[in-house]
Engineer: 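Input: one structure, supplied below.
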Amino acid sequence: MSTSHTDYQLSDDLLGPVLSILDAYQDPYLAEGLVSAGCVNKLAIEGKRLLLGLVYPYPCMTQYRDTVMDVTKKLAMLDAIDEVECEIDFQPRVFSAIASVEPIPNIKQVIAVASGKGGVGKSTTAVNLALALKAEGAEVGILDADIYGPSIPMMLGLQGFKPTSPDGKMMTAASAHGISAQSIGFMLGDGEAAVWRGPMAAGALNQLLTETQWPELDYLVIDLPPGTGDIQLTLSQKFPVSGTVVVTTPQDIALEDAKKGITMFQKVDIPVLGIIENMSFHLCPECGHKEHPFGTHGGSKIAERYEVPLLGALPLNINIRESMDEGNPAVASKPDSEVAAIYREIARKVGAQLAKQQNKNTVSISISDDE
C-alpha cells in the first residue's frame with residue numbers, strides 16, 4: 001500500500017530505527033507492517049517526544065488503545081525517545097470500479113450481503129454488520145434490497161417511518177442506532193406485499209439506491225434477497241459493488257446454495273470478501289456444553305474451497321433473535337456481549353478485506369497502464 005502521503009520529520013539516524021519498529025508491528029487484519037501497509041502518515045520529534053500519526057484504511061476504533069500501547073512500548077526502548085504521542089484515524093479509500101458504472105453520490109464503498117437460500121440469518125447479519133462497522137468508527141448506511149420480504153424496518157425499530165421528499169426528487173433516509181436506512185418496507189402499508197415481476201423489483205432497487213438522499217457514508221451495506229435473481233444481477237451490472245459477504249449455515253443444503261451464490265458473484269467480477277457461518281453452534285447456558293445441531297466446519301470448508309476467508313462463526317443464540325424482533329440489535333443494545341464482539345471482529349475483517357482488494361485493483365490498473 002502506498003506511503004506517498006507520509007510526512008517524515010526525523011533525522012536519518014532516528015528515522016531508520018523508528019520505521020523498523022513500526023514495520024515490525026504486524027497489523028493482524030492487513031497482515032502487513034504499519035509502514036508497508038501505508039498506515040504511517042506522520043513522524044516528527046519535539047525534544048524527546050515522538051509525534052506519530054496512523055491512518056487505517058479499515059475501521060478498527062475499538063483496537064486503537066491496544067495498538068497505541070504496543071507500539072509506544074516498543075518505541076520507548078529507543079534512547080532518543082522518552083514519550084510517544086500517537087493520533088489514529090480511519091480513512092477508507094473510495095472504491096474505483098473497473099467496470100463502466102456510475103458511482104453513487106456520497107458513498108465510498110458498497111458491501112452486498114447475500115445468501116444462496118432464505119432462513120440463514122442474512123438480514124440479521126447485514127444489520128449487525130452495519131452496526132459493527134459503525135461501532136468501529138465508520139459512517140454507515142443500510143439498504144434493504146429484499147423487495148419481496150423487507151425486514152430491516154422491524155429489525156431497526158423503524159416500522160413507523162415514512163420517507164419524505166423535500167425537493168420532489170430525492171427521498172429522505174431513516175436513522176436508527178447511528179446508521180442510515182432505506183427500505184421498500186417504509187413505503188408499503190402494514191402487511192402489504194410488493195407483488196411485482198422481476199423487472200419492476202429491479203427498478204425499485206434502482207430508485208431506492210439512486211433517489212435516496214444518503215448522507216456522507218464510508219460504507220453502504222445492501223441486504224440482498226436470497227438466491228441469484230434479477231436484484232443481484234441489476235446490482236452487479238449497474239452499481240459499483242466493492243465486495244460481497246456470503247452468509248450460510250453449516251448444513252449441507254445451505255452450503256450447496258451458498259456455493260451457487262459465490263459462483264454467481266465470481267462470474268460478474270464482484271469480489272467475495274468472505275463467508276459468515278450463522279447458527280454455527282449452540283452453547284448450553286446451564287453446563288456450557290457446545291453442540292452443533294446443523295453440522296460442523298461447513299463454513300470453513302466452503303471458504304477453503306473457494307479460497308476466501310471465513311470471517312466469523314456465530315452461535316445459535318435466542319438473544320440474537322429476540323433483539324432483532326424488538327428492533328434493538330445486539331451490537332447496539334449489548335455492545336459488551338460476546339455476540340457483539342464477534343460482529344465487530346467480522347466488521348474489522350470485512351473492512352480490511354476491502355482495503356486489500358482496493359490495493360490489488362490499484363496495482364493491477366497501474367501495471368496495465370504501464371504496458
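Just so it is clear, the values below take in all heavy atoms, side chains as well, and ignore hydrogens, waters and symmetry mates.
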Engineer: Among residues at least two apart in sequence or on other chains, which ones pass side-chain hydrogen bond (donor to acceptor under 3.5 Å, both in side chains) with Gln266?
Structural biologist: none

Engineer: Considering all heavy atoms of both residues, which atom of Gln182 and which atom of Pro163 are nearest to each other, and what is their separation?
Structural biologist: OE1-CG, 4.0 Å

Engineer: Quick one: does Arg344's side chain have a donor or acceptor within less than 3.5 Å of a partner on Pro335's backbone?
Structural biologist: yes

Engineer: Closest heavy-atom contact between Cys39 and Leu30?
Structural biologist: SG-CD1, 4.0 Å

Engineer: Any salt bridge (Lys or Arg N to Asp or Glu O under 4.0 Å) pairs touching residues 314-333, not counting sequence neighbours?
Structural biologist: Arg321-Asp325

Engineer: Applying side-chain contact (heavy atoms from CB on, under 4.5 Å), name anything that partners Ser175, two or more places apart in sequence or on another chain.
Structural biologist: none

Engineer: Quick one: does Asn328's side chain get under 4.5 Å of Lys334's, heavy atoms only?
Structural biologist: no

Engineer: What pairs of residues pass the ring-ring contact (aromatic ring centres under 6.0 Å, His included) test when at least one of them lies in residues 322-342, not counting sequence neighbours?
Structural biologist: none

Engineer: How far apart are the closest heavy atoms of Ser165 and Met170, and which atoms are they?
Structural biologist: OG-O, 3.0 Å

Engineer: Does any donor atom in the side chain of Thr248 or Glu277 lie under 3.5 Å from an acceptor atom in the other side chain?
Structural biologist: no

Engineer: Within a radius of less than 6.0 Å around CD of Glu87, do more than 12 heavy atoms belonging to other residues, nucleotides or ligands occur?
Structural biologist: no

Engineer: To the nearest 0.5 Å, tell me how far Ile111 CD1 sits from Gln353 CD.
Structural biologist: 11.5 Å

Engineer: Suppose we screen for side-chain hydrogen bond (donor to acceptor under 3.5 Å, both in side chains). Which residues come up paired with Asp223, at least two apart in sequence or across chains?
Structural biologist: Lys122, Ser123

Engineer: Is any NZ, NE, NH1 or NH2 atom of the basic residue among Glu256 and Lys259 found under 4.0 Å from an Asp or Glu carboxylate oxygen of the other?
Structural biologist: yes

Engineer: Does the pair Glu46 and Glu85 meet the rule for a side-chain contact (heavy atoms from CB on, under 4.5 Å), with working shown?
Structural biologist: CA-CA 10 Å; Glu46 291 181 354; Glu85 181 179 307; over 6 Å; no

Engineer: Ignoring hydrogens and angles, tell me if any N or O in the side chain of Asn278 forms a donor-acceptor pair with the backbone of Val120 under 3.5 Å.
Structural biologist: yes

Engineer: Between Asp23 (side chain) and Ser36 (backbone), is there a donor-acceptor pair under 3.5 Å?
Structural biologist: yes

Engineer: Taking the side chain from Ser323 and the backbone from Asn319, do they hold a donor-acceptor pair closer than 3.5 Å?
Structural biologist: yes

Engineer: Answer yes or no: is there a donor N or O on one side and an acceptor on the other, between the side chain of Asp27 and the main chain of Leu34, under 3.5 Å?
Structural biologist: no

Engineer: Do you know the tightest heavy-atom contact between Cys86 and Ile88?
Structural biologist: SG-CG1, 3.8 Å

Engineer: Can you list every ring-ring contact (aromatic ring centres under 6.0 Å, His included) pair that touches residues 150-173, not counting sequence neighbours?
Structural biologist: Phe161-Phe186

Engineer: Donor-acceptor pairs under 3.5 Å, side chain of residues 63-83 to any protein atom, not counting sequence neighbours: which ones?
Structural biologist:
| unit_1 | atom_1 | unit_2 | atom_2 | d |
| --- | --- | --- | --- | --- |
| Thr67 | OG1 | Gln63 | O | 3.1 |
| Thr72 | OG1 | Val68 | O | 2.7 |

Engineer: So Leu133 and Ile179, do their side chains get closer than 4.5 Å, heavy atoms only?
Structural biologist: no

Engineer: May I ask you to say whether Glu139 pairs ionically with Lys134, meaning some side-chain N is under 4.0 Å from a carboxylate O?
Structural biologist: yes

Engineer: Could you give the distance from CG (Asp146) to CD1 (Ile231), rounded to the nearest 0.5 Å?
Structural biologist: 8.5 Å

Engineer: Can you list the residues that meet the side-chain hydrogen bond (donor to acceptor under 3.5 Å, both in side chains) rule with Thr172, with sequence neighbours excluded?
Structural biologist: Thr164

Engineer: To the nearest 0.5 Å, what is the distance between OH on Tyr343 and CD on Glu338?
Structural biologist: 12.0 Å

Engineer: So, using side-chain contact (heavy atoms from CB on, under 4.5 Å) as the criterion, who are the partners of Pro103 when residues are at least two apart?
Structural biologist: none

Engineer: Would the distance check show the side chain of Asn106 and the main-chain N or O of Trp214 forming a donor-acceptor pair, the cut-off being under 3.5 Å?
Structural biologist: yes

Engineer: Taking only residues two or more places apart in sequence or in another chain, which ones pass side-chain hydrogen bond (donor to acceptor under 3.5 Å, both in side chains) with Asp13?
Structural biologist: Ser11

Engineer: If you take all heavy atoms of Ser151 and Asp144, which pair is closest and at what distance?
Structural biologist: N-OD2, 3.1 Å

Engineer: Just one of Asn41, Val18, Leu22 clears the side chain to side chain contact (heavy atoms under 4.5 Å, CB included) bar with Leu52, so which one?
Structural biologist: Leu22

Engineer: Partners of Tyr58 by ring-ring contact (aromatic ring centres under 6.0 Å, His included), sequence neighbours excluded?
Structural biologist: Tyr29, Tyr56

Engineer: Taking only residues two or more places apart in sequence or in another chain, which ones pass side-chain contact (heavy atoms from CB on, under 4.5 Å) with Asn206?
Structural biologist: Thr210, Phe239

Engineer: Between Thr212 (side chain) and Leu209 (backbone), is there a donor-acceptor pair under 3.5 Å?
Structural biologist: no

Engineer: Could you give the distance from CG (Leu311) to CD1 (Ile342), rounded to the nearest 0.5 Å?
Structural biologist: 13.0 Å

Engineer: Short question: side chain of His177, backbone of Ser333 - any donor-acceptor pair under 3.5 Å?
Structural biologist: no

Engineer: Counting N and O atoms only, with roles assigned by atom type, does the side chain of Thr234 sit under 3.5 Å from a partner on the main chain of Ala202, one being a donor and the other an acceptor?
Structural biologist: no

Engineer: Mind listing the closest non-hydrogen atom pair of Lys349 and Leu310 along with its distance?
Structural biologist: NZ-O, 4.0 Å

